Amino acid sequence: MERPLTQHIPDNGAALHLREYEAVGGYTALRKALRDMEPAQVSTLIKDANLKGRGGAGFATGVKWSFVPMNVPGPKYLIANADEMEPGTFKDRWLLEGNPHQLLEGMILAAYAIQATDAFVFLRWAYKDAAREMRRAIADAYTAGYLGKNILGSAFSLEMQLHTGVGRYMCGEETALLNSLEGKRATPRAKPPFPQVSGLFGKPTIVNNVETLCWISHIVNNGEAWFKSLSYTADGGTKIYGVSGRVNKPGAWELPMGITMRELLEEHAGGMRNGYRFRGALPGGASTDFLTDAHLDVKMDFAGVAAAGSRLGTGTMVVLDDHTCPVGFVHNLEHFFAQESCGFCTPCREGLPWTEKILWSLENGTGEPADLELLERHTRLLGPGNTFCALAPGAMEPLQSALKYFREDFEQHIKEKKCPYAHHQH
């Protein structure tokens, strides 16, 4: 089983530095592209490979790049979204800390494809180790001639810098990220204009996820047929999957795209811990709908998880066990989302604190039967199409699916005027 993204990451927690990266074929894709390929050929290759965005939305990367106007003067920007703040998600951290040059090479190739002049790594503030490794990698890449003016003697030049955020979940939304990078409040922008045409400082801009960008050098080196052959399904490539919760071996693994939830849970995460039973899981981080044991044979790719009524999202599964209260579980998430709302639009700013308060009252024994109807109303009013960005609709996914699959738990809280799981909670 091939693991292109993680095979060279040292097991001891160290990072792969420049010379070690070059020793395993690092920057050969960049040399090849600058020597033998036009920018448009790089874009076409990524489009033909059908590489889908690994940040959660699954939009086709090559198609996104194709929206960048190529004949406009002035700067263009390429940004790596490394603001990994989705609860339950820790896949990009592995890549950033373990193989920073893989990201840099992917970014330089992506920048070449869209003819960007400047690149930024927008990094989550808490990722201090990743920041240290990225700073060193960027400095080493400049020294080696992979960044700066006339890269490797070609006509292509690229400047790159690291930007560390200040800890807002909102900055992971690509247009809020652009506002933040401009030094403004991190609120989403109206689309159109789309960032590909008018993004950072009003110039054409591409924002891609870390895991997405790490693929570029491998596809340039090995071609689209190879990329598609790595997967069990039509989506292509491998995926970094993660599992957290009361399993025997929580962690992250690079596996063929489209493995089943059952395989991920039982073979890689070592099954549930003794004395705990699987009740459900959020398949792709906090803003995805619960799937239950009825869905264990669902293929974890974009189409498979969507058909089951959820989203692949980041591919990092958060497991709910039978000793953990689903109402408390969801309350914890809604508290996070309410706290992280940017306050730009009313449904999200006002609605999320209300859902959080209602769930708190259920947990604390003062919930009423009408509360469930009120929660369901919120899942509709805060759903897609009613807010400026996907934060509130994402926050409604665990709530609406918990109401659907674990309704008896909600009802029990009201009937017994307390959380029935209180004695299990640690």
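Not measured: the values here are computed from a predicted model.
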What's the separation between atom [atom1] in [X] and atom [atom2] in [Y], rounded to the nearest 0.5 Å?
| X | Y | atom1 | atom2 | answer |
| --- | --- | --- | --- | --- |
| I240 | D92 | CD1 | CG | 7.5 Å |
| L375 | L399 | CG | CG | 5.5 Å |
| L96 | R124 | CG | CZ | 11.5 Å |
| F337 | L333 | CZ | CG | 6.0 Å |
| S43 | I114 | OG | CD1 | 8.0 Å |

Quick test of your reading of the model: are [X] and [Y] salt-bridged, counting only N-O distances below 4.0 Å?
| X | Y | result |
| --- | --- | --- |
| R93 | E84 | no |
| K239 | E254 | no |
| E159 | K76 | no |
| R407 | E376 | yes |
| R279 | D322 | no |
| E22 | R19 | yes |

Go through the side-chain N and O atoms of [X] and [Y] and say whether any donor and acceptor fall under 3.5 Å apart.
| X | Y | result |
| --- | --- | --- |
| E173 | T175 | yes |
| T28 | N221 | yes |
| Y421 | D409 | yes |
| S287 | E86 | yes |
| D83 | W125 | no |
| Y146 | R31 | yes |
| D140 | T143 | no |
| E20 | H101 | no |
| E174 | N81 | no |

Identify the two heavy atoms, one from [X] and one from [Y], that lie closest to each other, and give their separation to 0.1 Å.
| X | Y | value |
| --- | --- | --- |
| Y21 | Q102 | OH-CA, 3.4 Å |
| W65 | A110 | CZ2-CB, 3.5 Å |
| M300 | P283 | CE-O, 3.6 Å |
| N179 | T187 | ND2-O, 2.7 Å |
| E363 | C325 | OE1-SG, 3.3 Å |
| L382 | N386 | N-ND2, 4.4 Å |

A side-chain contact here means heavy atoms from C-beta on lying under 4.5 Å apart; do [X] and [Y] qualify?
| X | Y | result |
| --- | --- | --- |
| V319 | S244 | no |
| K47 | S66 | yes |
| N248 | M272 | no |
| L352 | M396 | yes |
| T260 | L296 | no |
| L282 | D289 | no |
| E334 | P398 | yes |
| T164 | R135 | yes |

Practice problem: For residues F120 and H163, establish whether the separation of their ring centroids is below 6.0 Å. | Solution: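 When the ring centroids of F120 and H163 are compared, they turn out to be at least 6.0 Å apart.
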Self-check item: Check: F194 ring centroid to F67 ring centroid under 6.0 Å
Solution: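 F194 vs F67: aromatic centres not under 6.0 Å.
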Self-check item: Within 6.0 Å of CG in N274, more than 12 heavy atoms from elsewhere
Solution: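 Count not over threshold, so no.
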Quiz item: In this structure, which one of R262, R246, M261 forms a side-chain contact (heavy atoms from CB on, under 4.5 Å) with F278?
Solution: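 Output: one option passes, namely M261.
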Quiz prompt | Qualifying residue for side-chain contact (heavy atoms from CB on, under 4.5 Å) with Y241, from T316, T314, L312 | solution =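 The side-chain contact (heavy atoms from CB on, under 4.5 Å) with Y241 is passed solely by L312 among T316, T314, L312.
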Exercise. Take I206 and K64 through the side chain to side chain contact (heavy atoms under 4.5 Å, CB included) test and state the conclusion after the steps.
Key: CA-CA 8 Å; I206 285 289; K64 194 184 210 179; 3.9 Å; yes
Quiz item: Can you list the residues that meet the ring pair (Phe, Tyr, Trp, His ring centres under 6.0 Å) rule with F344, with sequence neighbours excluded?
Solution: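 By the ring pair (Phe, Tyr, Trp, His ring centres under 6.0 Å) rule, F344 matches F388.
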Quiz item: Please walk me through it: do F290 and F329 pass side chain to side chain contact (heavy atoms under 4.5 Å, CB included)?
Solution: CA-CA 11 Å; F290 276 104; F329 186 112; 3.7 Å; yes
Quiz item: Is there a side chain to side chain contact (heavy atoms under 4.5 Å, CB included) between N209 and K91 once you walk through the steps?
Solution: CA-CA 11 Å; N209 167 261; K91 64 183 185 68; 3.2 Å; yes
Quiz item: What class does the angle between the rings of W226 and H218 fall in, given that below 30° is parallel, 30 to 60° is tilted and above 60° is perpendicular?
Solution: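 The rings of W226 and H218 sit tilted, inter-plane angle from 30° to 60°.
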Exercise. Mind telling me whether H331 and H335 have parallel, tilted or perpendicular rings, with 30° and 60° as the class edges?
Key: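 Tilted: the ring planes of H335 and H331 meet at 30° to 60°.
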Self-check item: Partner set under side chain to side chain contact (heavy atoms under 4.5 Å, CB included) for A111, not counting sequence neighbours
Solution: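 A111 satisfies side chain to side chain contact (heavy atoms under 4.5 Å, CB included) with L78, A116, F156, L158 once adjacent residues are dropped.
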Practice problem: Could you please spell out the steps behind the side chain to side chain contact (heavy atoms under 4.5 Å, CB included) verdict for T205 and Q196? | Solution: CA-CA 5 Å; T205 306; Q196 292 89 320; over 6 Å; no
Quiz prompt | Derivation and outcome, side chain to side chain donor-acceptor pair (under 3.5 Å), residues W94 and N99 | solution = CA-CA 8 Å; W94 190 19; N99 197 347; over 6 Å; no
